[in-house]
Amino acid sequence: MAFPTQRLRRTRATPALRELVRETKLDRGDLILPLFVRPGRGEKRPIRSMPGQFQLSVDELVKLAREARKAGIPGVILFGIPDKKDARASGAWAKNGIVQRAIRALKDKTPELAVLADLCFCEYTDHGHCGIIRKAKGGFVLDNDATLELAAKTALSQAEAGADVIAPSGMADGQVGAIREALDKGGFSHTPILAYAAKYASAFYGPFREAAESPPKFGDRSTYQMDPANAREALREVALDVEEGADMVMVKPALPYLDVVRAVRERFSLPVAAYNVSGEYAMVKAAAQKGWIDERRVVLEALTSIKRAGADFILTYHAMDAARWLEQG
Ligand code: PBG
(Lines give C-alpha, C1' and ligand atoms only; values in the text may rest on other atoms or scores of the structure.)
Protein backbone atom coordinates (compact mmCIF):
# COMPACT_ATOMS: atom_id res chain seq x y z
CA MET A 1 0.00 0.00 0.00
CA ALA A 2 1.53 3.31 -1.08
CA PHE A 3 -0.36 5.43 1.45
CA PRO A 4 -1.67 4.63 4.89
CA THR A 5 -5.45 4.82 5.12
CA GLN A 6 -6.62 8.42 5.51
CA ARG A 7 -10.32 8.01 5.77
CA LEU A 8 -11.37 11.27 7.40
CA ARG A 9 -8.39 13.28 6.28
CA ARG A 10 -9.21 12.92 2.56
CA THR A 11 -11.66 15.80 2.65
CA ARG A 12 -9.36 18.01 4.72
CA ALA A 13 -6.51 18.05 2.24
CA THR A 14 -7.04 21.48 0.65
CA PRO A 15 -8.79 24.75 1.53
CA ALA A 16 -11.29 24.17 -1.30
CA LEU A 17 -12.24 20.71 -0.03
CA ARG A 18 -12.50 22.00 3.54
CA GLU A 19 -14.80 24.73 2.35
CA LEU A 20 -17.02 22.23 0.54
CA VAL A 21 -17.52 20.03 3.59
CA ARG A 22 -17.81 22.87 6.13
CA GLU A 23 -21.01 22.33 8.10
CA THR A 24 -21.30 25.70 9.82
CA LYS A 25 -20.69 29.02 8.14
CA LEU A 26 -20.51 32.15 10.18
CA ASP A 27 -21.90 35.15 8.36
CA ARG A 28 -21.86 38.88 9.09
CA GLY A 29 -25.64 38.70 8.85
CA ASP A 30 -25.72 36.51 11.98
CA LEU A 31 -24.42 39.26 14.25
CA ILE A 32 -26.15 41.81 16.46
CA LEU A 33 -24.05 44.56 18.08
CA PRO A 34 -25.01 45.62 21.64
CA LEU A 35 -24.64 49.36 22.28
CA PHE A 36 -24.82 51.53 25.40
CA VAL A 37 -26.42 54.93 25.07
CA ARG A 38 -26.10 57.81 27.53
CA PRO A 39 -27.17 61.46 27.62
CA GLY A 40 -25.02 64.24 26.19
CA ARG A 41 -23.32 65.13 22.92
CA GLY A 42 -20.01 63.98 21.53
CA GLU A 43 -19.69 61.48 24.38
CA LYS A 44 -17.70 58.32 23.80
CA ARG A 45 -16.70 57.03 27.22
CA PRO A 46 -14.57 53.91 27.23
CA ILE A 47 -15.82 51.03 29.38
CA ARG A 48 -12.85 49.94 31.44
CA SER A 49 -13.62 46.23 31.64
CA MET A 50 -14.73 46.01 27.98
CA PRO A 51 -11.85 47.35 25.86
CA GLY A 52 -13.16 48.67 22.54
CA GLN A 53 -16.70 49.31 23.89
CA PHE A 54 -18.11 52.69 24.87
CA GLN A 55 -21.00 54.50 26.49
CA LEU A 56 -22.16 56.68 23.60
CA SER A 57 -24.31 59.78 23.32
CA VAL A 58 -27.01 59.59 20.66
CA ASP A 59 -24.96 61.43 18.00
CA GLU A 60 -21.99 59.10 18.49
CA LEU A 61 -24.31 56.10 18.56
CA VAL A 62 -25.69 57.04 15.16
CA LYS A 63 -22.15 57.24 13.74
CA LEU A 64 -21.24 53.81 15.02
CA ALA A 65 -24.53 52.31 13.89
CA ARG A 66 -23.82 53.56 10.36
CA GLU A 67 -20.43 51.89 10.43
CA ALA A 68 -22.01 48.68 11.69
CA ARG A 69 -24.48 48.64 8.85
CA LYS A 70 -21.69 49.29 6.35
CA ALA A 71 -19.77 46.39 7.86
CA GLY A 72 -22.71 44.11 7.06
CA ILE A 73 -24.24 43.87 10.54
CA PRO A 74 -28.06 43.71 10.31
CA GLY A 75 -28.97 45.05 13.74
CA VAL A 76 -28.06 46.60 17.08
CA ILE A 77 -29.53 46.12 20.55
CA LEU A 78 -29.73 49.14 22.82
CA PHE A 79 -29.10 49.55 26.54
CA GLY A 80 -29.76 52.91 28.17
CA ILE A 81 -27.93 54.76 30.92
CA PRO A 82 -30.47 57.34 32.10
CA ASP A 83 -29.85 60.72 33.72
CA LYS A 84 -31.64 59.72 36.88
CA LYS A 85 -32.62 56.43 38.46
CA ASP A 86 -35.62 55.89 40.76
CA ALA A 87 -37.66 53.14 42.39
CA ARG A 88 -40.19 53.04 39.52
CA ALA A 89 -37.63 52.97 36.73
CA SER A 90 -39.30 55.95 35.08
CA GLY A 91 -36.38 56.44 32.70
CA ALA A 92 -37.24 53.10 31.09
CA TRP A 93 -40.71 54.08 29.90
CA ALA A 94 -40.45 57.86 29.55
CA LYS A 95 -41.57 59.03 26.11
CA ASN A 96 -38.35 60.97 25.83
CA GLY A 97 -36.18 58.45 27.66
CA ILE A 98 -32.63 57.92 26.52
CA VAL A 99 -33.39 54.67 24.65
CA GLN A 100 -36.55 56.11 23.07
CA ARG A 101 -34.50 59.06 21.77
CA ALA A 102 -31.81 56.74 20.48
CA ILE A 103 -34.35 54.57 18.68
CA ARG A 104 -35.90 57.60 16.96
CA ALA A 105 -32.50 58.88 15.86
CA LEU A 106 -31.45 55.48 14.50
CA LYS A 107 -34.69 54.89 12.63
CA ASP A 108 -34.32 58.37 11.16
CA LYS A 109 -30.63 58.13 10.17
CA THR A 110 -30.12 54.40 9.50
CA PRO A 111 -33.62 53.08 8.74
CA GLU A 112 -32.30 49.87 7.18
CA LEU A 113 -30.61 48.81 10.41
CA ALA A 114 -32.79 46.68 12.72
CA VAL A 115 -33.12 48.29 16.14
CA LEU A 116 -33.73 45.89 19.00
CA ALA A 117 -34.77 47.46 22.28
CA ASP A 118 -33.60 45.61 25.36
CA LEU A 119 -36.39 45.85 27.90
CA CYS A 120 -35.27 45.67 31.50
CA PHE A 121 -35.31 47.90 34.56
CA CYS A 122 -31.98 47.32 36.27
CA GLU A 123 -30.39 50.23 34.40
CA TYR A 124 -33.23 52.52 35.52
CA THR A 125 -33.93 51.59 39.14
CA ASP A 126 -32.04 53.23 41.98
CA HIS A 127 -31.59 49.80 43.60
CA GLY A 128 -30.37 48.08 40.42
CA HIS A 129 -32.89 45.24 40.38
CA CYS A 130 -34.85 44.26 37.27
CA GLY A 131 -38.26 45.47 38.46
CA ILE A 132 -40.32 46.75 41.35
CA ILE A 133 -38.94 45.70 44.72
CA ARG A 134 -40.91 45.14 47.91
CA LYS A 135 -39.48 44.64 51.36
CA ALA A 136 -40.08 41.15 52.66
CA LYS A 137 -39.10 39.07 55.65
CA GLY A 138 -35.36 38.67 55.63
CA GLY A 139 -34.80 40.86 52.58
CA PHE A 140 -36.76 41.78 49.48
CA VAL A 141 -38.88 40.33 46.69
CA LEU A 142 -39.30 41.33 43.08
CA ASP A 143 -43.00 42.16 42.74
CA ASN A 144 -43.89 40.23 39.61
CA ASP A 145 -47.27 41.82 38.77
CA ALA A 146 -46.14 45.40 39.37
CA THR A 147 -43.14 44.70 37.17
CA LEU A 148 -45.35 43.36 34.37
CA GLU A 149 -47.31 46.60 34.32
CA LEU A 150 -44.11 48.57 33.80
CA ALA A 151 -42.92 46.10 31.16
CA ALA A 152 -46.10 46.63 29.16
CA LYS A 153 -45.71 50.40 29.41
CA THR A 154 -42.05 50.30 28.44
CA ALA A 155 -42.64 48.03 25.44
CA LEU A 156 -45.27 50.39 24.13
CA SER A 157 -43.00 53.43 24.48
CA GLN A 158 -40.18 51.60 22.68
CA ALA A 159 -42.48 50.48 19.86
CA GLU A 160 -43.88 54.01 19.54
CA ALA A 161 -40.33 55.32 19.19
CA GLY A 162 -39.87 52.89 16.29
CA ALA A 163 -38.16 49.80 17.73
CA ASP A 164 -38.15 46.90 15.26
CA VAL A 165 -37.96 44.25 17.97
CA ILE A 166 -38.76 44.31 21.70
CA ALA A 167 -36.37 42.16 23.72
CA PRO A 168 -37.47 41.66 27.34
CA SER A 169 -34.55 40.55 29.52
CA GLY A 170 -35.97 40.92 33.02
CA MET A 171 -37.02 37.35 33.81
CA ALA A 172 -40.32 38.29 35.46
CA ASP A 173 -42.81 35.47 34.90
CA GLY A 174 -45.41 36.35 32.29
CA GLN A 175 -43.50 39.31 30.84
CA VAL A 176 -43.77 38.09 27.25
CA GLY A 177 -47.54 37.68 27.50
CA ALA A 178 -47.98 41.09 29.13
CA ILE A 179 -45.85 42.76 26.46
CA ARG A 180 -47.59 40.95 23.60
CA GLU A 181 -50.98 42.07 24.88
CA ALA A 182 -49.85 45.68 25.30
CA LEU A 183 -48.31 45.78 21.83
CA ASP A 184 -51.39 44.26 20.20
CA LYS A 185 -53.75 46.65 21.97
CA GLY A 186 -51.52 49.61 21.15
CA GLY A 187 -51.50 48.97 17.41
CA PHE A 188 -48.17 47.13 17.29
CA SER A 189 -49.30 43.61 16.50
CA HIS A 190 -46.59 43.60 13.80
CA THR A 191 -43.75 44.17 16.29
CA PRO A 192 -41.92 40.94 17.17
CA ILE A 193 -40.65 39.89 20.60
CA LEU A 194 -37.21 38.39 21.15
CA ALA A 195 -37.51 36.81 24.60
CA TYR A 196 -34.47 36.39 26.79
CA ALA A 197 -36.06 33.06 27.63
CA ALA A 198 -33.24 31.18 29.33
CA LYS A 199 -31.28 33.83 31.14
CA TYR A 200 -28.99 32.57 33.88
CA ALA A 201 -27.90 34.32 37.08
CA SER A 202 -24.39 34.52 35.70
CA ALA A 203 -21.10 35.94 36.94
CA PHE A 204 -20.27 36.57 33.29
CA TYR A 205 -22.42 39.74 33.36
CA GLY A 206 -19.88 41.53 35.58
CA PRO A 207 -18.46 43.96 32.98
CA PHE A 208 -21.95 44.77 31.63
CA ARG A 209 -23.00 45.98 35.05
CA GLU A 210 -20.09 48.39 35.02
CA ALA A 211 -20.98 49.45 31.46
CA ALA A 212 -24.67 49.98 32.24
CA GLU A 213 -24.01 51.22 35.79
CA SER A 214 -26.52 48.65 36.97
CA PRO A 215 -25.12 46.37 39.69
CA PRO A 216 -27.78 45.59 42.34
CA LYS A 217 -27.25 47.69 45.48
CA PHE A 218 -28.27 44.76 47.68
CA GLY A 219 -28.82 41.05 47.18
CA ASP A 220 -28.43 39.40 43.80
CA ARG A 221 -30.63 38.31 40.89
CA SER A 222 -30.92 34.66 41.81
CA THR A 223 -34.62 34.84 42.73
CA TYR A 224 -35.53 35.77 39.16
CA GLN A 225 -32.65 34.68 36.90
CA MET A 226 -31.96 30.98 36.38
CA ASP A 227 -29.67 28.71 38.36
CA PRO A 228 -26.63 27.88 36.17
CA ALA A 229 -27.01 24.24 37.20
CA ASN A 230 -30.35 23.82 35.41
CA ALA A 231 -30.86 22.85 31.78
CA ARG A 232 -34.30 21.18 31.78
CA GLU A 233 -35.72 24.26 33.45
CA ALA A 234 -34.51 26.31 30.47
CA LEU A 235 -36.82 24.29 28.24
CA ARG A 236 -39.75 25.15 30.51
CA GLU A 237 -38.80 28.83 30.33
CA VAL A 238 -38.68 28.67 26.54
CA ALA A 239 -41.96 26.73 26.30
CA LEU A 240 -43.76 29.34 28.41
CA ASP A 241 -42.36 32.25 26.42
CA VAL A 242 -43.38 30.57 23.17
CA GLU A 243 -46.87 30.01 24.56
CA GLU A 244 -47.06 33.67 25.59
CA GLY A 245 -46.18 34.81 22.08
CA ALA A 246 -42.40 35.06 21.72
CA ASP A 247 -41.30 35.21 18.09
CA MET A 248 -37.65 34.42 18.84
CA VAL A 249 -35.96 33.10 21.97
CA MET A 250 -32.56 33.69 23.49
CA VAL A 251 -30.12 31.74 25.61
CA LYS A 252 -27.73 33.80 27.70
CA PRO A 253 -24.76 33.61 28.30
CA ALA A 254 -23.59 31.69 25.22
CA LEU A 255 -20.31 29.79 25.54
CA PRO A 256 -20.83 28.25 29.00
CA TYR A 257 -24.38 27.24 27.95
CA LEU A 258 -23.94 25.69 24.50
CA ASP A 259 -25.70 22.54 25.70
CA VAL A 260 -28.75 24.68 26.43
CA VAL A 261 -28.55 26.32 23.00
CA ARG A 262 -28.47 22.85 21.44
CA ALA A 263 -31.37 21.55 23.55
CA VAL A 264 -33.54 24.56 22.70
CA ARG A 265 -32.65 24.23 19.01
CA GLU A 266 -33.70 20.57 19.01
CA ARG A 267 -37.06 21.09 20.67
CA PHE A 268 -38.30 24.35 19.17
CA SER A 269 -38.61 25.52 15.61
CA LEU A 270 -38.55 29.27 16.12
CA PRO A 271 -35.34 31.32 15.71
CA VAL A 272 -32.84 30.90 18.54
CA ALA A 273 -30.41 33.64 19.55
CA ALA A 274 -27.46 33.39 21.90
CA TYR A 275 -25.88 36.27 23.83
CA ASN A 276 -22.10 36.16 23.92
CA VAL A 277 -22.01 38.34 27.06
CA SER A 278 -19.68 40.93 28.51
CA GLY A 279 -17.62 38.54 30.63
CA GLU A 280 -17.02 36.25 27.66
CA TYR A 281 -15.84 39.30 25.71
CA ALA A 282 -13.67 40.65 28.54
CA MET A 283 -11.81 37.36 28.97
CA VAL A 284 -10.88 37.21 25.30
CA LYS A 285 -9.83 40.86 25.26
CA ALA A 286 -7.70 40.53 28.38
CA ALA A 287 -5.89 37.45 27.11
CA ALA A 288 -5.41 39.03 23.67
CA GLN A 289 -3.95 42.21 25.21
CA LYS A 290 -1.43 40.07 27.03
CA GLY A 291 -0.52 38.34 23.79
CA TRP A 292 -1.64 35.00 25.17
CA ILE A 293 -4.13 34.16 22.44
CA ASP A 294 -4.72 35.02 18.78
CA GLU A 295 -7.78 37.25 19.15
CA ARG A 296 -9.07 36.90 15.61
CA ARG A 297 -8.89 33.12 15.56
CA VAL A 298 -10.35 32.77 19.06
CA VAL A 299 -13.28 35.09 18.32
CA LEU A 300 -14.18 33.44 15.02
CA GLU A 301 -13.87 29.98 16.55
CA ALA A 302 -16.08 30.95 19.51
CA LEU A 303 -18.76 32.52 17.32
CA THR A 304 -18.71 29.56 14.93
CA SER A 305 -19.15 27.23 17.91
CA ILE A 306 -22.20 29.15 19.07
CA LYS A 307 -23.73 28.73 15.62
CA ARG A 308 -22.73 25.08 15.47
CA ALA A 309 -24.55 24.53 18.78
CA GLY A 310 -27.71 25.76 17.06
CA ALA A 311 -27.97 29.53 17.34
CA ASP A 312 -29.41 31.35 14.33
CA PHE A 313 -27.91 34.65 15.40
CA ILE A 314 -25.53 35.97 18.02
CA LEU A 315 -25.49 39.12 20.11
CA THR A 316 -21.82 39.94 20.55
CA TYR A 317 -19.53 42.85 21.40
CA HIS A 318 -17.09 41.33 18.89
CA ALA A 319 -19.57 42.05 16.08
CA MET A 320 -17.65 44.92 14.42
CA ASP A 321 -14.32 43.09 14.44
CA ALA A 322 -15.87 39.80 13.40
CA ALA A 323 -17.79 41.40 10.53
CA ARG A 324 -14.58 42.95 9.19
CA TRP A 325 -12.62 39.72 9.55
CA LEU A 326 -15.36 37.74 7.82
CA GLU A 327 -15.41 40.22 4.95
CA GLN A 328 -11.68 39.83 4.47
CA GLY A 329 -12.17 36.06 4.46
C1 PBG B 1 -30.36 43.41 32.02
C2 PBG B 1 -29.27 42.77 31.25
C3 PBG B 1 -28.02 42.27 31.69
C4 PBG B 1 -27.35 41.86 30.55
C5 PBG B 1 -28.17 42.11 29.47
N6 PBG B 1 -29.37 42.65 29.93
C7 PBG B 1 -27.40 42.26 33.01
C8 PBG B 1 -27.95 41.52 34.13
O9 PBG B 1 -28.90 40.76 34.03
O10 PBG B 1 -27.39 41.74 35.19
C11 PBG B 1 -25.96 41.30 30.51
C12 PBG B 1 -25.29 41.39 29.20
C13 PBG B 1 -23.83 41.18 29.24
O14 PBG B 1 -23.24 40.77 30.25
O15 PBG B 1 -23.21 41.42 28.21
N16 PBG B 1 -31.07 42.62 32.84
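Atoms considered below: every heavy atom in the structure, side chains included; atoms not considered: hydrogens, waters and symmetry mates. Counting starts at 1 for both ligands and their atoms, in listed order.
Ligand 1 has K252 within reach: a non-hydrogen atom of the residue lies less than 4.0 Å from it. The shortest heavy-atom distance from F121 to ligand 1 is not under 4.0 Å.
Every atom of ligand 1 with a heavy atom of S169 under 4.0 Å away is listed here by number and element: 1 (C), 6 (N), 16 (N). Taking every non-hydrogen atom of C120 and a distance limit under 4.0 Å, the qualifying atoms of ligand 1 come out as 1 (C), 16 (N). Heavy-atom contacts of Y275 reach the following atoms of ligand 1: 12 (C), 15 (O) (cutoff under 4.0 Å). Under a 4.0 Å criterion applied to the non-hydrogen atoms of C122, ligand 1 contributes the atoms 1 (C), 16 (N).
Taking the six-membered ring for Trp and the full ring otherwise, H129 and F140 have centroids separated by under 6.0 Å.
A donor-acceptor pair under 3.5 Å is formed between the side chain of K217 and the backbone N or O of D126.
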Output a table of donor-acceptor pairs, distance under 3.5 Å, between side-chain atoms of residues 235-257 and any protein atom two or more places apart or on a different chain; print 'none' if there are none.
{"from": "E244", "atom 1": "OE1", "to": "V176", "atom 2": "N", "distance (Å)": "3.3"}
{"from": "E244", "atom 1": "OE1", "to": "G177", "atom 2": "N", "distance (Å)": "2.8"}
{"from": "D247", "atom 1": "OD2", "to": "I193", "atom 2": "N", "distance (Å)": "2.7"}

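For K285 and E295, the salt-bridge test passes: some basic side-chain N is under 4.0 Å from an acidic carboxylate O. Salt bridge D59/K63: absent, no basic N to carboxylate O contact under 4.0 Å. No salt bridge links D321 with R296; every basic N to acidic carboxylate O contact stays at or beyond 4.0 Å.
Scanning the protein for heavy atoms near atom 15 (O) of ligand 1, the closest one is Y317 OH, 2.6 Å. Taking atom 12 (C) of ligand 1 as the reference point, the nearest protein heavy-atom neighbour is F208 CD1, 3.3 Å. The protein heavy-atom contact nearest to atom 14 (O) of ligand 1 is S278 OG, 2.7 Å.
Atom NZ of K44 is surrounded by 12 or fewer heavy atoms from other residues, nucleotides or ligands within 6.0 Å. Counted within 6.0 Å of NZ on K135, heavy atoms from surrounding residues, nucleotides or ligands total 12 or fewer; the atom is thus considered open.
The heavy atom nearest to atom 9 (O) of ligand 1, considering only M50, E280, Q225, is found in Q225. Summarising the contacts of atom 16 (N) of ligand 1 with E123, E210, K199, the nearest heavy atom is found in K199.
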